[in-house]
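So the structure is just underneath, and the comments pick up after that.
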Amino acid sequence: MLRGFKNFLMRGDVIVVAVGLVTALAFSTLIKAFTDSVINPVIARLQGGKSVGLGWQLGDQGNTSTYLNIGSFISALIYFIIFMGVIYFLIVVPYKYTQRRRGAEVFGEPGPLKTCPECLAEDIPEAARKCRYCGSAQPRASEPPRTA
């Protein structure tokens, strides 16, 4: 039972989705801090206000709604970098190691690509026999492309 659960968790799709979700959550924190600390004070300044902190007061002294709080944004940026480093070293690196031991390459460079002569899609793997978009037969790497 535990082996099946482990196999489910170690599937590439689950790990990729989990890393993507965590990245999105961390990035949303960064975006929220940027909007709360930089964009909102600029908009509030058009209406008036006061505040204190690391940054610039755009309106009346002491009004937090018009304070361009650079310190809060720098904090969120540092949080994002640290958080993503932890995710990389605690999830991605061990997963890559485990998958490499199983003989699978993950999070690596994509292989060589070619262009489909029929639909001109540029992301067809070089070893592909058919185009994934139009279904046309693909010439081998040693064959010259056929002309119509």
Side-chain angles (χ1 to χ4, degrees), residues 1-47 49-59 63-143 145:
M1 183 167 101
L2 290 177
R3 180 175 294 219
F5 184 65
K6 176 187 162 205
N7 289 339
F8 168 74
L9 288 179
M10 295 308 287
R11 286 185 39 218
D13 297 342
V14 173
I15 298 296
V16 169
V17 168
V19 169
L21 179 62
V22 169
T23 303
L25 290 172
F27 197 64
S28 73
T29 302
L30 182 64
I31 292 171
K32 182 174 179 354
F34 180 74
T35 56
D36 289 350
S37 304
V38 178
I39 302 298
N40 291 348
V42 170
I43 293 171
R45 176 59 183 121
L46 298 174
Q47 301 167 0
K50 300 180 183 180
S51 185
V52 181
L54 175 63
W56 298 277
Q57 185 67 49
L58 301 176
N63 187 350
T64 58
S65 64
T66 60
Y67 190 74
L68 187 64
N69 193 348
I70 300 299
S72 178
F73 180 69
I74 292 171
S75 268
L77 186 61
I78 291 170
Y79 168 81
F80 178 75
I81 291 169
I82 291 171
F83 190 78
M84 292 313 298
V86 168
I87 293 301
Y88 181 76
F89 290 110
L90 293 182
I91 294 178
V92 175
V93 170
Y95 177 70
K96 284 173 67 173
Y97 174 76
T98 304
Q99 291 301 94
R100 189 177 314 120
R101 289 186 67 198
R102 289 181 171 185
E105 179 69 28
V106 293
F107 301 117
E109 291 295 320
L113 302 175
K114 63 182 174 183
T115 301
C116 174
E118 299 295 325
C119 69
L120 302 178
E122 296 178 346
D123 61 343
I124 309 298
E126 195 169 296
R129 294 181 181 189
K130 286 191 170 193
C131 175
R132 71 175 81 172
Y133 301 109
C134 67
S136 64
Q138 296 295 305
R140 292 279 182 218
S142 60
E143 298 175 19

How would you list, by chain and number, every residue that makes a side chain to side chain donor-acceptor pair (under 3.5 Å) with Y133, sequence neighbours excluded?
D123
Working to the nearest 0.5 angstrom, can you tell me the gap between F27 CZ and F34 CZ?
10.5 Å
R129 CZ: over 12 foreign heavy atoms closer than 6.0 Å
no
Could you measure the distance from the OG1 atom of T29 to the CG atom of L77? Nearest 0.5 Å is fine.
12.0 Å
Taking all non-hydrogen atoms of both residues, which atom of V92 and which atom of V19 are closest, and how far apart?
CG2-CG2, 4.0 Å
To check you understand the geometry: which heavy-atom pair defines the closest contact between F83 and V22, and what is its length?
CE2-CG1, 3.3 Å
So how far is it from R132 CZ to I124 CD1, rounded to the nearest 0.5 Å?
5.0 Å
Would you give the length of the straight line joining atom CD of E126 to atom OG1 of T115, rounded to the nearest 0.5 angstrom?
10.5 Å
Do C116 and S136 have side chains that approach each other closer than 4.5 Å (heavy atoms only, starting at C-beta)?
yes
Closest non-hydrogen atoms of Q138 and K130, given as atom of the first, atom of the second and distance, are CG-C, 3.7 Å
Can you tell me how far apart CE (M84) and OH (Y79) are? Round to the nearest 0.5 Å.
10.5 Å
